[in-house]
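Let me begin by presenting the structure, written as structure tokens, before commenting on it.
All values below were derived from every heavy atom in this structure, side-chain atoms included, with hydrogens, water molecules and symmetry-related copies excluded. Residue indices begin at 1 and follow the sequence shown.
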Amino acid sequence: MLNFTKIDRNNPLKRGVMERIKDFNEVYTVFDKNKAEEQAERCIGCGDPYCHNKCPLHNIIPAWLKETANNDLELAFNISNETSPFPEILGRICPQDVLCEGDCTLNDTHGAITIGAVETHISETGFEKGLKPKFSHKKIGKKVAVVGSGPAGISAATFLLREGVDVDMYERANKAGGLLTYGIPGFKLEKERVQRRIDWLCEAGMTLHTNCEIGKDKSFDELEKNYDAVFIGIGATKGKYPGIDGEKNENVHLAMEFLTQIQKRNFEEKVENFIDVKGKNVVVIGGGDTAMDCVRTSVREGATSVKCLYRRDELNMPGSKKEVVNSKEEGVEFVFNVSPKSITTEGVNLLETTMSEADESGRQSVKIVENSDYLEVADVIILALGFDQELPQFIKDTSLELDKWNGIKVNEKYQSSNSKIYSGGDSVRGADLAVTAAADGKMAAKAIVESFK
Ligand code: SF4
């Protein structure tokens with residue numbers, strides 16, 4: 001440990017650009033043992049580690065870094081898998097620069113510890129050596145229905161099964177995993193990683209019902225009657241529109257619709273009205289990680305040109321910095337300080353913007369520059385402007401209290417206005433990160449188990 005003055009921060013190696021844009025396989029390689037040990041040795045073992053506090057799962061990061069540096073993979077694996085339902089997945093997809101690594105004590109001076117990459121290494125190498133997540137063999141005689149198989153649902157199921165609770169998971173899609181399976185592209189997270197976790201949950205006794213939509217294939221009343229508790233983790237996938245003329249034209253598509261179609265096609269599932277961007281000029285409106293997923297997917301789909309339009313400057317982009325770098329490397333062009341005014345069959349009419357001085361919170365507001373309209377020619381326009389909560393019929397039919405954004409209202413124990421029904425993740429808080437959904441699923445599972453005592 002304490003080697004940060006001698007050893008530089010290193011990121012895992014990336015596949016070459018010309019090779020990686022030809023497929024949907026992951027871009028980053030996994031650290032080998034020597035690299036992981038070397039990078040873990042840079043940790044200074046802070047007494048009150050900011051990285052741990054900033055991680056929504058409160059992973060005990062310095063402890064598993066220490067055991068990695070000490071070459072005790074099994075202990076590192078156990079510590080890492082104790083607090084996280086799927087460390088190797090979050091190590092790949094978390095925006096570490098705004099979470100654990102952003103708060104690492106070394107971040108501003110010597111470069112943060114590569115926490116995510118070491119986290120991925122620990123579990124992947126552990127799996128290769130035959131280590132597996134542990135579940136309880138002792139059942140406590142309680143049964144919970146988990147509605148939705150995304151990060152919140154998988155996390156809730158994991159922590160319930162660990163406590164000996166029986167779990168039935170209901171998923172309306174063909175495969176489990178929700179956003180992890182259908183939303184996040186394979187170049188960030190290969191789908192076998194998600195399936196492996198689902199398989200282990202089934203091995204631990206979970207019954208998975210795919211192609212089963214609650215309210216259509218099974219009534220919510222049935223769940224309420226037949227289970228000791230129900231956890232709802234249905235996400236927030238309804239794309240937002242900017243409220244401009246032409247936003248529902250045929251050449252305009254929502255980000256999640258596009259990403260899901262591509263993934264379904266990659267799974268060889270049936271896709272209707274496929275959004276084909278091959279040979280097209282594509283613009284993506286938005287500056288978050290979903291926008292980056294769309295531009296990079298468009299590159300892989302053979303678009304002639306791909307542009308990302310964002311209304312603030314590069315410094316104020318909300319997404320992960322590494323995803324912007326990767327997009328640029330892959331040939332995406334960025335146009336900053338522009339706001340869409342209207343959409344036509346020719347493309348997007350844009351207005352230039354400027355940014356005000358930062359207010360007390362550090363936030364700068366966006367101002368439109370008058371008479372600055374110009375046309376950005378495009379064949380396909382993809383909107384990546386965030387997500388609203390869906391309000392499926394089965395939720396409408398319950399008497400659950402909702403907030404004004406249609407989120408399910410829960411108390412500090414993740415319990416809704418119906419004490420038997422719990423919820424967490426995006427269906428409560430609105431569109432957020434996979435890791436916050438995982439943290440909610442974990443806390444809700446603990447509260448459910450506590451309620452059985
Ligand atoms: Fe960092 Fe995310 Fe892992 Fe937490 S789960 S340690 S925030 S990469």
| said: I want to check something: taking the side chain as every heavy atom from C-beta on, are Pro242 and Leu383 in contact at a cut-off of under 4.5 Å? | reply: yes
| query | Ser416 side chain to Lys409 main-chain N or O, any donor-acceptor pair under 3.5 Å? | reply | no
| Between the side chain of Asn337 and the main-chain N/O of Thr354, is any donor-acceptor distance below 3.5 Å? | no
| So how far is it from Lys188 NZ to Thr297 OG1, rounded to the nearest 0.5 Å? | 9.0 Å
| Do the side chains of Asn211 and Asp217 get nearer than 4.5 Å, heavy atoms only? | no
| said: Counting C-beta onward and ignoring hydrogens, is there a side-chain heavy-atom pair between Val338 and Val348 closer than 4.5 Å? | reply: no
| field | Contact summary for Gly424 and Ala152, nearest pair of heavy atoms | value | O-CB, 3.9 Å
| Test applied, salt bridge (Lys or Arg N to Asp or Glu O under 4.0 Å); reference residue, Lys328; option that passes from Glu314, Glu323, Glu333 | Glu314
| field | Closest non-hydrogen atom pair, Ala36 against Val118 | value | O-CG2, 4.3 Å
| Pairs in or reaching into residues 334-356: which pass salt bridge (charged side-chain N to carboxylate O under 4.0 Å, His left out), with residues at least two apart or in two chains? | Lys341-Asp373
| Ignoring hydrogens and geometry, is there a side-chain-to-backbone donor-acceptor pair from Asn107 to Gly102 under 3.5 Å? | yes
| request: Over all heavy atoms of both residues, which pair between Gly183 and Asp293 is shortest? Give the atoms and the distance, please. | output: O-OD2, 4.5 Å
| said: Does anything in residues 260-314 form a ring pair (Phe, Tyr, Trp, His ring centres under 6.0 Å)? List the pairs, not counting sequence neighbours. | reply: Tyr182-Phe267
| message | Looking only at side-chain N and O atoms, does Glu38 offer a donor or acceptor that is under 3.5 Å from a partner on Asn34? | response | no
| note | Rounded to the nearest 0.5 Å, the CD1 atom of Ile122 sits from the OG atom of Ser80 at a distance of 5.0 Å
| field | Flag, side chain of Asn251 to backbone of Thr344, donor-acceptor distance under 3.5 Å | value | yes
| Tyr50 OH: over 12 foreign heavy atoms closer than 6.0 Å | no
| query | Does some side-chain heavy atom of Asp313 sit less than 4.5 Å from a side-chain heavy atom of Asn316? | reply | yes
| Is there a side chain to side chain contact (heavy atoms under 4.5 Å, CB included) between Leu99 and Leu433 once you walk through the steps? | CA-CA 11 Å; Leu99 295 172; Leu433 301 171; 3.9 Å; yes
| Taking the side chain as C-beta and beyond, is there a heavy-atom pair between Leu402 and Ile395 under 4.5 Å? | yes
| said: Donor-acceptor pair, distance only, cut-off 3.5 Å: does the side chain of Gln261 make one with the backbone of Glu272? | reply: yes
| Thr237 side chain to Glu390 side chain, donor-acceptor N/O pair below 3.5 angstrom | yes
| task | Quick one: pull up SG in Cys43 and CG in Asn3 and give me the separation to the nearest 0.5 Å. | result | 11.0 Å
| Between Ser365 and Ser356, is any side-chain donor less than 3.5 angstrom from a side-chain acceptor? | yes
| request: Could you point out which residue of Lys238, Lys404, Lys240 forms a salt bridge (Lys or Arg N to Asp or Glu O under 4.0 Å) with Asp388? | output: Lys240
| field | Minimal non-hydrogen separation, Tyr422 against Lys420, with atom names | value | CD1-O, 3.8 Å
| remark: salt bridge (Lys or Arg N to Asp or Glu O under 4.0 Å) with Asp23: of Arg300, Arg296, Arg15, only one passes, and it is Arg15
| Heavy-atom check, side chain of Ile115 versus side chain of Asn59, under 4.5 Å | no
| query | Between Lys14 and Asn326, do the side chains contain an N or O donor and an N or O acceptor separated by less than 3.5 Å? | reply | yes
| Glu301 pairs by salt bridge (Lys or Arg N to Asp or Glu O under 4.0 Å) with which of Lys278, Lys22, Arg265? | Arg265
| field | Donor-acceptor under 3.5 Å (Gln39 side chain, Asn10 main chain) | value | yes
| query | Is any NZ, NE, NH1 or NH2 atom of the basic residue among Glu269 and Lys191 found under 4.0 Å from an Asp or Glu carboxylate oxygen of the other? | reply | no
| query | Can you check whether Ile89's main-chain N or O pairs, donor with acceptor, with Arg193's side chain at less than 3.5 Å? | reply | no
| query | Taking atom CG of Leu13 and atom NZ of Lys35, what is their separation to the nearest 0.5 Å? | reply | 7.5 Å
| Between SG on residue Cys51 and CD1 on residue Ile61, distance to nearest 0.5 Å | 4.0 Å
| task | Check for a donor-acceptor pair, side chain of His58 on one end and backbone N or O of His52 on the other, with a separation under 3.5 Å. | result | yes
| query | Which pairs count as salt bridge (charged side-chain N to carboxylate O under 4.0 Å, His left out) when at least one residue sits in residues 96-119, sequence neighbours excluded? | reply | Arg9-Glu101
| What's the verdict on side chain to side chain contact (heavy atoms under 4.5 Å, CB included) for Val335 and Val283, showing C-alpha distance, side-chain angles and the deciding distance? | CA-CA 10 Å; Val335 183; Val283 299; over 6 Å; no
| Residue from Phe220, Tyr414, Phe231 passing side chain to side chain contact (heavy atoms under 4.5 Å, CB included) with Ile421 | Phe220
| task | Go through the steps to decide whether Ile232 and Leu400 satisfy the test side chain to side chain contact (heavy atoms under 4.5 Å, CB included), and finish with yes or no. | result | CA-CA 11 Å; Ile232 302 175; Leu400 292 183; 4.1 Å; yes
| Ionic contact status for Arg197 with Glu88, cut-off 4.0 Å | yes
| query | Is the backbone of Glu26 close enough, under 3.5 Å, to the side chain of Glu190 for a donor and an acceptor to pair up by distance? | reply | yes
| said: Is it the case that the side chain of Arg42 and the backbone of Gly111 share a donor-acceptor pair, with hydrogens and angles ignored and the cut-off at 3.5 Å? | reply: yes
| message | We want to know whether Gln195 and Lys175 form a side-chain donor-acceptor pair, criterion being a heavy-atom distance below 3.5 angstrom. | response | no
| query | Which heavy atom of Val167 sits nearest a heavy atom of Ala157, and at what distance? | reply | CG1-CB, 4.0 Å
| field | Heavy-atom pair with the smallest gap, counting every atom of Pro85 and Ser155 | value | CG-OG, 3.4 Å
| Side-chain heavy-atom pair Arg92, Tyr28 within 4.5 angstrom cut-off | no
| request: Determine whether the side chains of Asp289 and Ser320 contain a donor N or O and an acceptor N or O closer than 3.5 Å. | output: no
| How long is the span from the CG atom in Leu254 to the OG1 atom in Thr290, to the nearest 0.5 Å? | 11.5 Å
| field | Glu401 and Ser417: side chain donor to acceptor below 3.5 Å | value | no
| Checking side chain to side chain donor-acceptor pair (under 3.5 Å) for the pair Glu224/Asn418: CA distance, chi angles, key distance, verdict? | CA-CA 10 Å; Glu224 209 185 329; Asn418 177 334; 2.8 Å; yes
| query | Is any side-chain heavy atom of Val27 less than 4.5 Å from a side-chain heavy atom of Glu330? | reply | yes
| field | Residues Arg196, Glu124; criterion salt bridge (Lys or Arg N to Asp or Glu O under 4.0 Å); working and verdict | value | CA-CA 11 Å; Arg196 181 171 56 189; Glu124 287 299 346; 2.6 Å; yes
